[in-house]
Amino acid sequence: MERSISSTAKRFVRRNLQWKGNPRTAPSSFIHCYGRRAFASASGDYREKLSRNRLSDLKLDDAIGLFGDMVQSRPLPSIVEFSKLLSVIAKMKKFDVVISLGEKMQNLGISHDLFTYSIFVNCFCHSSQLSLALAVLGKMMKLGYEPDVVTLSSLLNGFCHSKRISDAVALVDQMMVAMGYKPDAVTFTTLIHGLFLHNKASEAVALVDRMAEKGCQPDLVTYGVVVNGICKRGDTDLALNLLKKMEKGKIEADVVIYNTIIDALCKYKHVNDALDLFNEMEIKGIRPDVVTYNCLISCLCHYGRWDESARLLSDMIERKINPNVVTFNGLIDAFAKEGKLLEAEKLYKEMIQRSIDPNIFTYNSLIYGFCMHNRLKKAKDMFAFMVSKDCLPDVVTYSILIKGFCKCKRVEEGMELFREMSQRGVMGDTVAYTTLIQGFFQNGDCEYAQMVFKQMVSDRVPASLMTYTILLDGLCNNGKLEKALVIFKDMQKSEIEIDIFTYNTMIDGMCKAGKVEEAWDLFCNLGFKGVKPNVVTYTTMISGLCGKRLVHKADALFRKMKEDGPLPDSGTYNMLIRAHLRDGKKAASAELINEMRSCGFAGDASTFGLVTNMLHDGRLDKSFLDMFS
DNA sequence: TTAGGGTTAG
């Protein structure tokens, strides 16, 4: 038979596909430890079980049992029947099992064909063993089997999931140009997914149009890949446009695509758009599932829209879409964060009543709630309880507890937890180290905080912008502005994108150290650095000017803020009022108090403290207090 | 017609 593969193509494959590795080294332990028992228990006619309608509800145990029946029956089943079974197991994502069974067949003298070899190429690619996939490809070609579009698409997937995206692009080009294959929607979709994986979003989107030009229409899965890639990058507008494009192309989006977009809308703070899309899918007759509800419920809780989220919860129960562990975790997390601990515990009991097992997320949320509301004892009990339930704490659990201890000024115990964590083989991450650094600074232990930071660097745990900001804040608050400035200058030279929080920290540090002019320079330069000052920046700067008795300059900045800056908040007004009172400017203070009250803000504790003191020593009279009520 | 692509929630 005339082979369709050209000689260029063969050369390409030889040149590009290394001939390394040995498929015989594939993992086979699975069969040895697990397979035999299953073989022994299997019974019945394999042919009947292999019939199509039976295959879809086959369990892994049954499939392995079936394999046992097949290798024992005589005459041996055809290779087609074996590939049917192997593909079912591959669809269960049990790639190592497929490989083991394939090896077993080989040992029994059952030879493979194009289809079974293709299945192995696919399985090796999925289990990140690209070199073995290439070895199988080499072997099948030696035996005279030609890889076809399906085999090469599997390989393409392997390139995409390793670091070889350029090989993936080249392979598709070669398939089209040199090999004379016609890549289909699956081939293109695989490559599009690979491009997203390698952060080449625009190339991925462009390829959707190019595949259409090549006469290959994107299908539901293609759109699924693109929508997912786009949503991960937060471009919800483009995702919604794609949804319209699908409609035009008469491809009906499925619930997963809607869920993906709803999730992204929730994450990127377009809650109402998410609710609109939810209604739209109802109108289109696409039934939401538990994921749809979970996205919306936890998002609504997050924004304090408790009533709406409760309504959705009862709505889903009414529609027999059962809440699962994620539903409860979302609710418990939101209640715990809000300090509604009784409700959180009630939900925890309810999930157990519904026989839904709590998992590490459940425990982490509850521990967080207890820690943040100063109930350390309860948090530790819960920690011990989860361990007793064989739910092993992770770095997040430890970080939550460490933060809780630090918050209660028990940083030594936090440090102890950190050591315990490391001893148990849980490595500290950026958050864990940062939490501890912050704890030591808050405790006034500047030296130890810096030591932890050094340890973090030597352990090669990357510091985040948050880590640096906490470090700068700690140094500034402990009278080490100079040291902070050195680090800050290094940061400005580095690739870290400094945000307004870091600038606020430095402006505050400079002002508190009396270097108001330097702070003012930094403040004026924010525009050049592409960062917009926020209400805290203005308030800090105004406060710094007041501290230097430059009250007229502070007033001017306050006016500028009201003209073209962020709206002053309670903190701005209170700070300015105190500054004027200290300066003996009663009339100006009175004016500010009225303005503040007309904006709906009230005097805060510091302001009342100052006013009380001034009443005592007679600098103010009682009538002044009436202005606040 | 036995083989290849995406899958969202804490």
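What you see below is based on every heavy atom in this structure, not just the backbone, and it leaves out hydrogens, waters and symmetry mates. Lettering follows sequence order; numbering is per chain, from 1.
Proximity note for A:Asp254 (side chain, C-beta onward) versus B:dG6, B:dG4, B:dG10: the nearest is B:dG6. Among the nucleotides B:dG4, B:dT2, B:dA9, the one closest to the side chain of A:Ser87 is B:dT2. Checked against B:dG6, B:dG5, B:dA3, the side chain of A:Val186 finds its nearest nucleotide in B:dG5. Nearest nucleotide to the side chain of A:Val225, out of B:dG5, B:dA3, B:dG6: B:dG6. Closest to the side chain of A:Ile119, out of B:dG5, B:dA9, B:dA3, is B:dA3. Side-chain proximity of A:Val326 to the nucleotides B:dG5, B:dG10, B:dG4 is greatest for B:dG10. Nearest to the side-chain atoms of A:Ala90 among the listed nucleotides B:dT7, B:dG5, B:dG4 stands B:dG4. Comparing B:dA9, B:dG5, B:dG10 against the side chain of A:Asp219 picks out B:dG5 as the nearest. Residue A:Ser83 has its side chain nearest to B:dT2 when only B:dG10, B:dT2, B:dT8 are considered.
Within 6.0 Å of atom CZ in A:Arg233, more than 12 heavy atoms from other residues, nucleotides or ligands are found, so the atom counts as buried in its surroundings.
When rounded to the nearest whole Å, the span between CD1 of A:Ile230 and C1' of B:dG6 equals 14 Å. In this structure, A:Phe82 places its CZ atom 19 Å from P of B:dT1, rounding to the nearest Å. If you take NZ of A:Lys91 and C1' of B:dT1, they are 11 Å apart, rounded to a whole angstrom. Atoms CG (A:Leu300) and P (B:dG10) sit 13 Å apart, rounded to a whole Å. With rounding to whole Å, A:Phe196 atom CZ is found 14 Å from B:dG5 atom C1'. Between the CD1 atom of A:Ile257 and the P atom of B:dT8 there is a distance of 13 Å, rounded to whole Å. Taking atom CZ of residue A:Phe159 and atom C1' of nucleotide B:dG4, one finds them 15 Å apart after rounding to whole Å. Between A:Met316 atom CE and B:dA9 atom P there is a gap of 15 Å when expressed in whole angstrom units.
Counting any heavy atom pair closer than 4.0 Å across all strands shown, A:Lys267 reaches sugar-phosphate atoms only and no base atom. Within the 4.0 angstrom heavy-atom criterion, base atoms lie near A:Ala185. Base contact: A:Val149 has a heavy atom under 4.0 Å from a base atom. If you check every strand for non-hydrogen atoms under 4.0 Å, A:Asn364 touches nothing. If you check every strand for non-hydrogen atoms under 4.0 Å, A:Thr187 touches a base. The residue A:Asp289 sits apart from the nucleic acid: no heavy atom pair falls under 4.0 Å. Note on A:Thr116: nothing from the nucleic acid sits closer than 4.0 angstrom, heavy atoms only.
Regarding contacts with the backbone of B:dG5, a side-chain N or O of A:His126 is found under 4.0 angstrom from either OP1 or OP2. Between A:Asn122 and B:dG4 there is a side-chain polar atom (N or O) within less than 4.0 angstrom of OP1 or OP2. Listed pair A:Asn157 / B:dG4 fails the phosphate criterion, with no side-chain N or O lying under 4.0 Å from OP1 or OP2.
In summary, the side chains of A:Ser78 and A:Glu81 do present a donor paired with an acceptor at a separation below 3.5 Å, with no hydrogens or angles considered. Between the side chains of A:Asp315 and A:Tyr293, at least one donor-acceptor pair of N or O atoms lies under 3.5 Å. For the residue pair A:Asn294 / A:Asn329, no side-chain donor-acceptor distance below 3.5 Å is found, with atom types taken as modelled. Side-chain contact, A:Asn259 with A:Asp289: a donor N or O sits under 3.5 Å from an acceptor N or O.
On a pure distance criterion of 3.5 Å, a polar donor-acceptor pair joins the side chain of A:Asn324 and the base of B:dA9. Put simply, the side chain of A:Thr189 and the base of B:dG5 share a donor and an acceptor less than 3.5 Å apart. A:Ser154 contributes no side-chain N or O that forms a donor-acceptor pair with the base of B:dG4 under 3.5 Å. Judged by distance alone with a 3.5 Å cut-off, no donor-acceptor contact links the side chain of A:Asp263 to the base of B:dT8.
A salt bridge links A:Arg305 to A:Glu308: at least one charged side-chain nitrogen sits closer than 4.0 Å to a carboxylate oxygen.
The aromatic ring of A:Phe361 sits over the base of B:dG10, with ring centres less than 5.5 Å apart and planes tilted by under 30°.
Using cut-offs of 30° and 60° for the angle between ring planes, the A:Tyr145 and A:Tyr117 rings count as tilted.
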